[in-house]
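Each remark here refers to the structure printed beneath this line.
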Amino acid sequence: MLTRLERTEREIADLLPQVTQTERTLGEVLAARDRAREGLAVHNQRQSLLDKRSEAGNIKTSVKEDKPNLSISSTAAHEFCKVVSHVLSEWQFPGERHVSFDEKTYDLRIDGKLRTSNGKGVRAVTHAAFKVATLIFCREQNLPHPGFVVLDTPLLTYRDPIRNPRHGDLSDDEKILAQTALKQKFFEHLHSIRDIGQFIVLENLDLPEGIYDLTKIQEFTGHAGDGRFGFFPSR
């Protein structure tokens, strides 16, 4: 029995060099396989980039005829401007409230002045009027509309430059607007047309008297109070 065991051990010892060589050969084969795979991946990536470059080179440069027609008919622009003028009148916006459409800037001119040429507060009010008028116009023309309008700080003119210095002092046109009753009329008008859509107004100012009876008010207290933290819940 001992002799048989010794013979088996010698056979194993004789085979060990072959096993070692086989392991070494297998390691070299596996390494060569990995290098081949990496090289093939790089080659495929290069070919993919070349194909994309070729496709990009074959794309025809758009010409004037290919561009979408974004023009608006003079009749539609005129009718829409009438609605904007009506909204501004309801809000008692100062001036004659003559509204026209500027085809170069795709924006409004109010009393001959481009809307974007006004102060921040005036721009905010006229931007809100544009949105509200869009809803009214769509309802009157039986055009699709999501049915709600979100207005973010439309009454910026009525800010306190000391308490809210981020927007700076009031410009001359903002000072004129701040002397009007627009803040009151703004909410009253939205209340009067509540049947055609929903209006969500986000503001940082004290509301006029009587407004609490016209609409639902949700105050955001932030870290200073125990009420609702903000539009999004606190973490």
Side-chain angles (χ1 to χ4, degrees), residues 70 72 74 76-138 145 148-194 197-212 214-215 217-220 222 224 230-231:
L70 301 178
I72 180 173
S74 57
H78 177 68
E79 292 300 320
F80 176 72
C81 289
K82 286 169 59 177
V83 178
V84 178
S85 179
H86 171 75
V87 171
L88 294 176
S89 297
E90 290 293 319
W91 296 357
Q92 294 189 6
F93 186 84
E96 298 181 3
R97 303 143 194 157
H98 175 71
V99 181
S100 60
F101 186 77
D102 189 281
E103 295 184 354
K104 292 183 178 180
T105 61
Y106 271 71
D107 209 332
L108 302 177
R109 286 186 175 273
I110 302 175
D111 292 338
K113 185 178 182 181
L114 193 62
R115 190 191 66 83
T116 53
S117 298
N118 294 285
K120 292 181 180 178
V122 178
R123 295 201 306 270
V125 167
T126 52
H127 181 73
F130 187 103
K131 286 185 174 181
V132 173
T134 299
L135 171 59
I136 297 174
F137 181 80
C138 289
H145 191 282
F148 68 93
V149 176
V150 180
L151 304 175
D152 186 5
T153 56
L155 302 177
L156 183 63
T157 291
Y158 295 91
R159 68 186 183 275
D160 185 339
I162 298 178
R163 294 172 54 189
N164 190 2
R166 181 166 63 93
H167 297 287
D169 295 333
L170 298 178
S171 60
D172 291 340
D173 53 356
E174 288 178 299
K175 292 178 181 177
I176 295 174
L177 182 59
Q179 299 302 315
T180 69
L182 186 142
K183 182 168 66 170
Q184 179 80 28
K185 298 300 181 181
F186 167 81
F187 287 106
E188 291 178 354
H189 177 245
L190 295 186
H191 176 72
S192 70
I193 59 174
R194 64 190 182 279
Q198 182 183 23
F199 301 94
I200 303 173
V201 182
L202 305 176
E203 264 300 350
N204 298 318
L205 49 78
D206 296 330
L207 298 178
E209 295 183 4
I211 299 303
Y212 286 86
L214 301 181
T215 186
I217 308 296
Q218 175 64 62
E219 183 178 0
F220 300 148
F231 190 76

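Residue indices begin at 1 and follow the sequence shown. All figures in this text were calculated on a predicted structure; none of them were measured in a lab.
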Locate the shortest heavy-atom distance separating [X] from [Y]; write the atom from each residue and the value.
X: Lys120; Y: Leu156; value: CB-CD2, 3.9 Å
X: Leu135; Y: Gly197; value: CD2-CA, 4.2 Å
X: Val84; Y: Ala133; value: CG2-CB, 3.5 Å

_Please list all pairs meeting side-chain hydrogen bond (donor to acceptor under 3.5 Å, both in side chains) that have one or both residues in residues 82-103, counting only residues at least two apart or in different chains._
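Those involving residues 82-103 are Trp91-His189, Asp102-Thr105, Asp102-Arg109.
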
Less than 4.5 Å apart, side chain to side chain, heavy atoms only: is that true for [X] and [Y]?
X: Leu207; Y: Leu205; result: yes
X: Val83; Y: Val132; result: no
X: Thr134; Y: Phe80; result: yes
X: Phe93; Y: Val122; result: yes
X: His191; Y: Thr215; result: no

Kindly compute the distance separating [atom1] ([X]) from [atom2] ([Y]), expressed to the nearest 0.5 Å.
X: Leu108; Y: His127; atom1: CG; atom2: NE2; result: 11.0 Å
X: Asn118; Y: Ile110; atom1: CG; atom2: CD1; result: 7.0 Å
X: Leu170; Y: Ile176; atom1: CG; atom2: CD1; result: 11.5 Å
X: Arg123; Y: Leu114; atom1: CZ; atom2: CG; result: 10.5 Å
X: Arg115; Y: Thr126; atom1: CZ; atom2: OG1; result: 4.5 Å
X: Leu182; Y: Glu188; atom1: CG; atom2: CD; result: 11.0 Å

*Is Glu174 reaching over with its side chain to a backbone N or O of Gly121, donor-acceptor style, under 3.5 angstrom?*
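Flag set: sc Glu174 to bb Gly121 pair under 3.5 Å.
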
*Whether over 12 other heavy atoms sit under 6.0 Å from His145 NE2*: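 Atom NE2 in His145 is crowded, with more than 12 foreign heavy atoms closer than 6.0 Å.
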
*Candidate pair Phe199 and Ile193, rule side-chain contact (heavy atoms from CB on, under 4.5 Å), full reasoning*: CA-CA 9 Å; Phe199 301 94; Ile193 59 174; 3.6 Å; yes

*For this output row, return yes or no: ring centroids of Phe187 and Tyr212 closer than 6.0 angstrom.*
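No: the rings miss the under 6.0 Å criterion.
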
